[in-house]
Engineer: 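First the structure, then my questions, so here it is.
Since we're looking at a predicted model, the values are computed, not measured. Read the numbers this way: they start at 1 and go in the same order the structure lists the ligands and their atoms.
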Amino acid sequence: MASRSRKAGESEPEVNSSIIVPAYKENGNITPLVTRLFAALDHHPNLKAEVIIVDDNSRDGSVETVEQLQSQYGYNVRIIVRTTERGLSSAVVRGFQEARGYQMLCMDADLQHPPESVPSLLNAFGNRKEFVLGTRYGEGVSMDKDWPLHRQIISAGARMLARPLTSASDPMSGFFGITKDSFNRAGQINAQGFKIALDLLVKAEIAKDAIAEVPFSFGLRAEGESKLTGKVMIKYLDQLRELYIHKFGLPTILVAIILMFFLAVYLLKSIL
Ligand SMILES: Nc1nc2c(ncn2[C@@H]2O[C@H](COP(=O)(O)OP(=O)(O)O[C@H]3O[C@H](CO)[C@@H](O)[C@H](O)[C@@H]3O)[C@@H](O)[C@H]2O)c(=O)[nH]1
Ligand SMILES: [Mg+2]
């Protein structure tokens, strides 16, 4: 671990990978997350990574926790506290803007995304991939059987509505990575909701063969509560509307009809 510590006055170490963690009231999860992340990365000396937690002024001791972690990991773990903005996607955008690594990964703080899968995702950038995606629909992986049924239904519906927009199997997983160049190419991102990966896939025009999918098993939240609300779901529908217009140039009314159609088919399928 010594290689990841930094003494006072020492210059910032080179990093090639940045792990961005949007966090709101996640103090209880930060230490296990960061410790497990660096333990997993320790086996991959090619990955010189930093962890950036983007917190929206939680005032729950997260800052002090990160300060403690810095005594072990130095500047390779840091926290950005936003006081005037709120939201998962905009927090991720901020993290990507601050990242020193060329390959950038986004993951949740609550340990639903296993830190042990991070090296596989980062290494999947090899072979000229621009986008790496943690997928819950690959072979040999699962969603925790205790993940609530209503969340499974919402997730499946959201995924189906995004089908015409991308070939990626799980743009909803929230566990993904993108290169700096591709991120910069995407331009204006819809940073309102939770689904930034979908926006990036569409707006950066990521080709199918530039995506590497890495299966992972989706766990349960370790501590605290989910921040997914009805408002977040409405924002998702608005994001879809914008992306359909962006990609297909359709008028809003037609987009609304298509979305309703897909939703109706999906509901029928799950009832019958
Ligand atoms: N900074 C910041 N972070 C936030 C905010 N809202 C949520 N987060 C952080 O974003 C991560 C995901 O939020 P959860 O509250 O755990 O969301 P979820 O309902 O479990 O949804 C997750 O799972 C979905 C898969 O079903 C993912 O698609 C989704 O992106 C998210 O990762 C957590 O680390 C959480 O602290 C916010 O307003 N600001
Ligand atoms: Mg969660």
Side-chain angles (χ1 to χ4, degrees), residues 19-34 37 51-63 65-66 78-98 105-115 117-118 121 133-137 141-144 146-162 166 168-178 189-201 216-233 235-236 239-240:
I19 300 154
I20 310 304
V21 185
Y24 186 65
K25 298 204 186 293
E26 301 285 5
N27 187 23
N29 292 319
I30 290 176
T31 299
L33 172 78
V34 171
L37 263 175
V51 179
I52 305 177
I53 293 158
V54 187
D55 174 89
D56 287 353
N57 211 16
S58 302
R59 297 168 185 255
D60 64 345
S62 296
V63 172
T65 297
V66 173
R78 57 197 157 109
I79 187 164
I80 295 168
V81 179
R82 306 190 307 166
T83 52
T84 54
E85 271 180 288
R86 240 333 277 273
L88 194 164
S89 292
S90 66
V92 175
V93 169
R94 175 67 187 277
F96 284 166
Q97 286 164 345
E98 302 273 342
L105 203 76
C106 165
M107 73 184 294
D108 294 348
D110 60 4
L111 299 166
Q112 288 196 272
H113 300 148
S117 296
V118 164
L121 260 88
L133 180 67
T135 175
R136 299 166 290 178
Y137 299 96
V141 296
S142 60
M143 304 222 199
D144 193 292
D146 291 328
W147 200 42
L149 182 66
H150 75 277
R151 284 302 309 266
Q152 295 183 35
I153 294 173
I154 292 168
S155 176
R159 180 172 168 237
M160 196 209 55
L161 289 173
T166 174
S169 71
D170 193 8
M172 308 295 138
S173 77
F175 194 19
F176 70 94
I178 188 166
I189 302 294
N190 181 331
Q192 291 303 308
F194 267 32
K195 303 304 170 195
I196 183 176
L198 183 61
D199 237 64
L200 290 170
L201 282 161
F216 77 99
S217 288
F218 190 59
L220 289 180
R221 167 175 273 280
E223 290 242 351
E225 285 170 11
S226 167
K227 282 93 199 175
L228 186 102
T229 57
K231 209 166 150 189
V232 171
M233 288 184 239
K235 282 180 180 168
Y236 176 63
Q239 182 187 4
L240 281 176

Engineer: Counting from 1, what ligand 1 atoms have a heavy atom of Arg86 closer than 4.0 Å?
Structural biologist: 37 (C), 38 (O)

Engineer: Work out which heavy atom in Leu201 is nearest to a heavy atom in Ala168; give both atom names and the distance.
Structural biologist: CD1-CB, 4.0 Å

Engineer: Which residue holds the protein heavy atom closest to atom 22 (C) of ligand 1, what is that atom called, and what is the gap in Å?
Structural biologist: Asp108 OD2, 3.5 Å

Engineer: If I apply the N/O under 3.5 Å rule, does Ala91 come out as touching ligand 1?
Structural biologist: no

Engineer: Determine whether a donor-acceptor pair (N or O, by modelled atom type, separation under 3.5 Å) exists between the side chain of Gln239 and the backbone of Lys195.
Structural biologist: yes

Engineer: Tell me, which protein residue and heavy-atom name are nearest atom 2 (C) of ligand 1, and how many Å apart are they?
Structural biologist: Asp56 OD2, 3.5 Å

Engineer: Using a 4.0 Å heavy-atom cut-off, which part of Val54 comes near ligand 1: side chain, backbone, both, or neither?
Structural biologist: backbone

Engineer: Can you name the atoms of ligand 1, numbered from 1 with element, that are less than 4.0 Å from a heavy atom of Leu228?
Structural biologist: 19 (O)

Engineer: Do you know the tightest heavy-atom contact between Ile52 and Ile80?
Structural biologist: CG2-CD1, 3.6 Å

Engineer: For the side chain of Ser58 and the backbone of Lys25, is there at least one donor-acceptor N/O pair under 3.5 Å apart?
Structural biologist: yes

Engineer: I'd like to check which ligand 1 atoms, numbered from 1 as shown, lie under 4.0 Å from a non-hydrogen atom of Arg221.
Structural biologist: 14 (P), 15 (O), 16 (O)

Engineer: Where the closest heavy atom to atom 26 (O) of ligand 1 is concerned, which of Lys25, Glu26, Arg136, His113 has it?
Structural biologist: Arg136

Engineer: Looking at every heavy atom in both Ala197 and Pro171, which two are closest together, and how far apart are they?
Structural biologist: CB-O, 3.7 Å

Engineer: Check this for me - ligand 1, Ser155, N or O atoms closer than 3.5 angstrom, yes or no?
Structural biologist: no

Engineer: Listed by chain and number, what are the ring-ring contact (aromatic ring centres under 6.0 Å, His included) partners of Tyr236, not counting sequence neighbours?
Structural biologist: none

Engineer: Answer yes or no: is there a donor N or O on one side and an acceptor on the other, between the side chain of Arg78 and the main chain of Val66, under 3.5 Å?
Structural biologist: no

Engineer: Closer than 4.0 Å to some heavy atom of Met172 - which atoms of ligand 1 meet that?
Structural biologist: 24 (C), 25 (C), 27 (C), 28 (O)

Engineer: Which distance, rounded to the nearest 0.5 Å, do you find between the OH of Tyr24 and the CZ of Arg86?
Structural biologist: 4.5 Å

Engineer: My understanding is that we take every heavy atom of each candidate and find the minimum distance to atom 37 (C) of ligand 1. Doing that for Gly174, Gly87, Pro171, which one comes out nearest?
Structural biologist: Gly87

Engineer: In the protein, what heavy atom is nearest to atom 15 (O) of ligand 1, and what distance, to one decimal place, separates them?
Structural biologist: Lys227 N, 2.5 Å

Engineer: Minimum heavy-atom separation for Ala191 and Val93, please, with both atom names.
Structural biologist: CB-CG2, 4.5 Å

Engineer: Shortest non-hydrogen contact from Asp60 to Asn27?
Structural biologist: O-ND2, 2.8 Å

Engineer: Before signing off on this row, confirm whether Lys195 and ligand 1 have an N or O atom pair separated by under 3.5 Å.
Structural biologist: yes

Engineer: Which word best sums up how the rings of Phe175 and His113 line up, parallel for under 30°, tilted for 30 to 60°, or perpendicular for over 60°?
Structural biologist: parallel

Engineer: Below 4.0 angstrom from a heavy atom of Ala23, which ligand 1 atoms are there? Numbered from 1 as shown, please.
Structural biologist: 1 (N), 2 (C), 3 (N), 36 (O)

Engineer: Give the minimum heavy-atom separation between Val21 and Asp108, together with the two atoms involved.
Structural biologist: CG1-C, 4.0 Å

Engineer: Any nitrogen or oxygen of Arg82, main chain or side chain, under 3.5 Å from a nitrogen or oxygen of ligand 1?
Structural biologist: no

Engineer: Using a 6.0 Å cut-off, check whether atom CZ of Arg59 has over 12 heavy atoms from anything other than its own residue.
Structural biologist: no

Engineer: What residues form a salt bridge (charged side-chain N to carboxylate O under 4.0 Å, His left out) with Arg151, not counting sequence neighbours?
Structural biologist: none

Engineer: Is Arg151 touching ligand 1 with its side chain, its backbone, both, or neither, if touching means heavy atoms under 4.0 Å apart?
Structural biologist: side chain

Engineer: Going by the order shown, which atoms of ligand 1 are within less than 4.0 Å of some heavy atom of Pro22?
Structural biologist: 3 (N), 9 (C), 10 (O), 33 (C), 34 (O), 35 (C), 36 (O)

Engineer: May I ask you to decide if Trp147's main-chain N or O and Gln152's side chain share a donor-acceptor pair within less than 3.5 Å?
Structural biologist: yes

Engineer: Enumerate the atoms of ligand 1 whose separation from the nearest heavy atom of Phe194 is less than 4.0 angstrom.
Structural biologist: 6 (N), 7 (C), 17 (O), 30 (O)

Engineer: Got a donor-acceptor contact below 3.5 angstrom from the Asp199 side chain to the Asn190 backbone?
Structural biologist: yes

Engineer: Less than 3.5 Å between some nitrogen or oxygen of Ser226 and one of ligand 1, yes or no?
Structural biologist: yes

Engineer: For Phe96, check ring-ring contact (aromatic ring centres under 6.0 Å, His included) against everything at least two apart and list the hits.
Structural biologist: Phe183

Engineer: Mind listing the protein N/O/S atoms less than 2.8 Å away from the Mg ion (ligand 2)? Waters don't count.
Structural biologist: Asp110 OD2, Gln112 OE1

Engineer: Could an N or O of ligand 1 be found under 3.5 Å from any N or O of Gln112, whether backbone or side chain?
Structural biologist: yes

Engineer: Starting from atom 4 (C) of ligand 1, which protein heavy atom do you reach first, and at what distance in Å?
Structural biologist: Tyr24 CB, 3.9 Å

Engineer: State plainly whether the residues Arg221 and Glu26 are in salt-bridge range, i.e. N to O under 4.0 Å.
Structural biologist: yes

Engineer: Answer yes or no: does an N/O atom from Phe218 fall short of 3.5 Å to an N/O atom of ligand 1?
Structural biologist: no

Engineer: Should you measure from each heavy atom of Trp147, which atoms of ligand 1 turn up under 4.0 Å away?
Structural biologist: 26 (O)

Engineer: What protein heavy atom sits nearest atom 10 (O) of ligand 1, and how far away is it?
Structural biologist: Leu88 CD1, 3.3 Å

